[in-house]
K.L.:
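Sharing a structure here in C-alpha cells format.
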Number of protein chains: 2
Amino acid sequence: MTTEIRTRRRADALTKERIVEAAIAILDQDGEDALTFRALAARLATGSGALYWHVADKQELLAAATDQIIAAVLTEAVSRPRPQDAIRALALGVFDAIDAHPWVGGQLSRDPWQYAVLRILEGIGGQIQALGVPEHAQFNAATALMSFILGLAGQYASRPRACEDGMDRVAILESVAAKWAQLDPVEHPFVRQVATMLAGHDDREQFLAGIDLILAGIETGIARSGDANA
Amino acid sequence: MTTEIRTRRRADALTKERIVEAAIAILDQDGEDALTFRALAARLATGSGALYWHVADKQELLAAATDQIIAAVLTEAVSRPRPQDAIRALALGVFDAIDAHPWVGGQLSRDPWQYAVLRILEGIGGQIQALGVPEHAQFNAATALMSFILGLAGQYASRPRACEDGMDRVAILESVAAKWAQLDPVEHPFVRQVATMLAGHDDREQFLAGIDLILAGIETGIARSGDANA
DNA sequence: ACCTGAACACCGTTCAAGT
DNA sequence: ACCTGAACACCGTTCAAGT
C-alpha cells in the first residue's frame with residue numbers, strides 16, 4: 001500500500017512513454033522535420049530541458065518511437081504454417097507500417113543497430129531456421145532479406161520529402177515517369193522502358209515480388225545443399 | 001579566339017565542379033556532419049552565400065557529390081561476358097565506393113530519385129536484360145537488386161556514426177556481438193546465434209552472397225518462364 | 001527527483017549591398 | 001554576372017536555478 005502510494009505519480013507527470021507517444025503523434029501528423037524538442041515540449045506543456053531527464057537525445061527518442069511501431073507489427077504477424085508465408089506476412093507488416101508511418105522507414109534505414117531492426121532480424125531468422133536453411137547459410141539469408149527490406153524502407157521514407165506540395169502518390173510516380181521518359185535513349189534505355197510501367201505499378205506487389213525472388217534464391221540454396229548431402 | 005577569352009574565367013573563379021570537389025574532400029576527410037556551407041566557403045576562400053549562385057541547396061550539392069563517385073564506379077565496371085559477373089562487379093563497385101566514402105551510402109539510401117541511383121538502376125537493368133529475364137519481370141528483378149544494394153548502403157553509412165571514438169570496424173563488430181550475446185535466449189535465439197559469427201565475418205563476402213541469392217532467385221524465375229513456354 | 005527556460009553553439013538559407 | 005557577409009529563423013543540447 002505504501003509502496004503503491006510512493007510509486008504513484010501525478011497523472012500529468014512526464015514519462016518516457018508519454019514522451020514517445022507524443023513524438024509519434026507529431027511524426028504522424030506533421031512529418032519527420034516537425035519533431036522538435038521545442039514542439040514536443042509545447043505539446044506536453046513542459047520545458048524542452050525536462051525531456052532530457054527521460055530521454056538521452058533525439059536519436060534515442062526516434063529509436064524508441066520506431067521500436068514501438070515495429071514491436072506492434074511483429075506481435076501481430078501471426079505464425080503461419082509455412083515459413084515462407086510467415087516471412088511474407090512479416091515483410092508486408094513492416095511495409096504497411098512504413099506506409100502508414102513514413103518516418104519509420106527513414107529511421108530503420110538510418111540506424112541498423114537499433115532495437116527495432118534487431119527485432120525484425122530475429123523474426124526473419126526464426127523463419128529462416130524453420131525453412132531448413134543450413135546453419136552456415138542462415139546468417140546470409142536473413143541479412144539479405146533484412147537489407148532488402150531496409151532498402152525499400154529508405155525508398156518509401158523519402159516519398160513525403162519528394163512531394164513538397166500536396167501531390168499524391170500517383171502524381172509523384174507520373175512526374176517521375178515523365179522525367180525518366182525524357183532521358184537520353186542511348187544512355188538510359190532500360191530506365192526509359194521502366195518509366196512506362198511506373199505509373200501503373202503497385203508498390204506493395206513489387207515489394208512482395210522482391211521477397212519472393214530472395215526466397216526462391218534461398219530455396220535453391222537449400223536444394224543444392226541437399227544434393228551435396230545426398 | 002574572342003569566345004575563348006570571353007568564356008575563360010579567372011583561375012580561382014567559383015564553379016559547381018570546384019564546389020563539389022571541395023565538398024567531397026570535406027566529406028572524405030571529416031565525415032558527413034563536417035560538410036557545412038560555412039566550412040565549404042572557408043575552404044574555397046569565399047562567402048557562404050556565393051555558393052548558392054552555383055548550387056541550389058545542400059541536397060543538390062550532396063547529390064552531385066554522390067553522382068561523381070557513382071559515375072566513376074559505373075564507367076570502371078567493365079563489361080564482363082556473363083551478365084551475372086557484370087552484376088556482381090557492378091554491385092561490388094558500389095560496395096567499395098561506399099566503403100571508401102561512407103557518406104555515399106547515406107546519400108544513396110536517403111534519396112532514391114537522385115541521378116546516381118538512376119545510373120545504378122540503368123546499369124543493373126541492362127544486365128538483367130542480357131540475362132534473358134522476360135520483359136514483364138525485368139522491373140521487379142532490377143529493383144529487387146537495387147533495394148538490396150541501397151539497404152546495405154544505409155547499413156555501412158551508419159558505421160562511422162557508431163564509432164564515435166577511434167574504434168575500428170573489428171572493435172565495433174565485437175562490441176555489437178558482445179551486446180547481442182547478452183540478449184534474452186528465449187526472446188532472441190537467432191540473433192544470439194548470429195552474434196557468434198559476427199566477429200569473424202567478411203562484410204564484402206556477405207554482400208556478394210546476398211547478390212548471389214537474388215541472382216539465383218532471378219534465374220529460377222527465368223527457368224520457370226522457360227518451362228511455361230515449352 | 002524532477003522540472004523550467006534562458007543560453008550556447010551551431011545550422012541552412014536569404015538578401016541588400018558591393019564589384 | 002558574380003561575390004560578400006551580416007542577418008534571419010531555426011536547430012539540439014546544456015545547465016544554473018527552482019520546487
Side-chain angles (χ1 to χ4, degrees), chain A residues 2-23 26-27 30-66 103 106-107 110-111 114 158 161 164, chain B residues 2-23 26-27 30-66 103 106-107 110-111 114 158 161 164:
Chain A
T2 51
T3 54
E4 198 178 72
I5 288 171
R6 273 201 212 116
T7 54
R8 187 186 296 160
R9 298 156 180 275
R10 281 165 53 216
D12 60 338
L14 231 41
T15 327
K16 184 168 177 181
E17 292 89 65
R18 277 194 68 219
I19 294 172
V20 170
E21 184 189 358
I26 291 175
L27 289 163
D30 302 318
E32 205 157 356
D33 292 340
L35 181 64
T36 288
F37 274 84
R38 274 165 249 257
L40 197 53
R43 178 181 261 264
L44 291 165
T46 182
S48 60
L51 304 171
Y52 284 90
W53 187 265
H54 301 94
V55 168
D57 51 23
K58 194 173 183 178
Q59 195 178 327
E60 190 195 295
L61 178 63
L62 278 166
T66 303
W103 53 272
Q107 178 59 21
R110 213 168 295 129
D111 181 7
Q114 68 187 308
S158 65
R161 224 169 303 166
E164 292 144 24
Chain B
T2 51
T3 54
E4 197 178 72
I5 288 172
R6 272 202 214 115
T7 55
R8 187 185 296 159
R9 297 156 181 277
R10 282 167 51 216
D12 60 339
L14 271 182
T15 326
K16 184 168 177 180
E17 292 88 66
R18 277 192 69 219
I19 294 173
V20 170
E21 184 189 359
I26 292 175
L27 289 163
D30 303 317
E32 206 158 355
D33 292 341
L35 181 64
T36 288
F37 274 84
R38 273 165 250 258
L40 197 52
R43 178 181 262 263
L44 292 165
T46 183
S48 61
L51 303 171
Y52 284 89
W53 188 265
H54 301 94
V55 169
D57 51 24
K58 194 171 183 180
Q59 195 179 325
E60 189 194 297
L61 179 63
L62 278 166
T66 303
W103 52 272
Q107 179 58 22
R110 215 169 293 131
D111 181 8
Q114 68 186 308
S158 66
R161 223 170 303 165
E164 293 144 25

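Residue numbers start from 1 in every chain, and the chains themselves are labelled A, B, ... in the order their sequence lines are given, proteins ahead of strands.
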K.L.:
Given Watson-Crick or G-U pairs with both distances under 3.5 Å, what dot-bracket string fits DNA chain C, with | for other-strand pairs and [ ] for crossing?
P.N.:
||.|||||...|||||.||

K.L.:
Report the residues that fulfil side-chain contact (heavy atoms from CB on, under 4.5 Å) with A:D30, sequence neighbours left out, ordered by chain and then residue number.
P.N.:
A:A34

K.L.:
Quick check for you: to the nearest 0.5 Å, what is the distance between B:D111 atom CG and B:L62 atom CG?
P.N.:
10.0 Å

K.L.:
What integer distance in Å separates B:K16:NZ from D:dC2:C1'?
P.N.:
17 Å

K.L.:
Given side chains that start at C-beta, do those of B:L51 and B:L61 come closer than 4.5 Å, heavy atoms only?
P.N.:
no

K.L.:
Between A:A34 and B:L51, which residue's closest nucleotide on DNA chain D lies nearer the 5′ terminus?
P.N.:
B:L51

K.L.:
So, is B:W53 near the phosphate of D:dC2, with a side-chain N or O under 4.0 Å from OP1 or OP2?
P.N.:
yes

K.L.:
Any chance you could list the contact pattern along nucleotides 12-19 of chain C? Use B for base contacts, S for sugar-phosphate-only contacts and - for none, protein heavy atoms under 4.0 Å, 5' to 3'.
P.N.:
BBBB----

K.L.:
Between B:E32 and B:R110, is there a salt bridge with N-O shorter than 4.0 Å?
P.N.:
yes

K.L.:
Could you grab the distance from atom OG1 of A:T36 to atom NZ of A:K58, nearest 0.5 Å is fine?
P.N.:
5.5 Å

K.L.:
Quick check on C:dC3: is either OP1 or OP2 less than 4.0 Å from any side-chain nitrogen or oxygen of A:H54?
P.N.:
yes

K.L.:
Should B:H54 and B:T15 count as side-chain neighbours, where that means a heavy-atom distance under 4.5 Å?
P.N.:
no

K.L.:
Hey, is the main chain of A:S48 close enough, under 3.5 Å, to the side chain of A:R38 for a donor-acceptor pair?
P.N.:
no

K.L.:
State the CD-CD distance between A:Q107 and A:Q114, to the nearest 0.5 angstrom.
P.N.:
4.5 Å

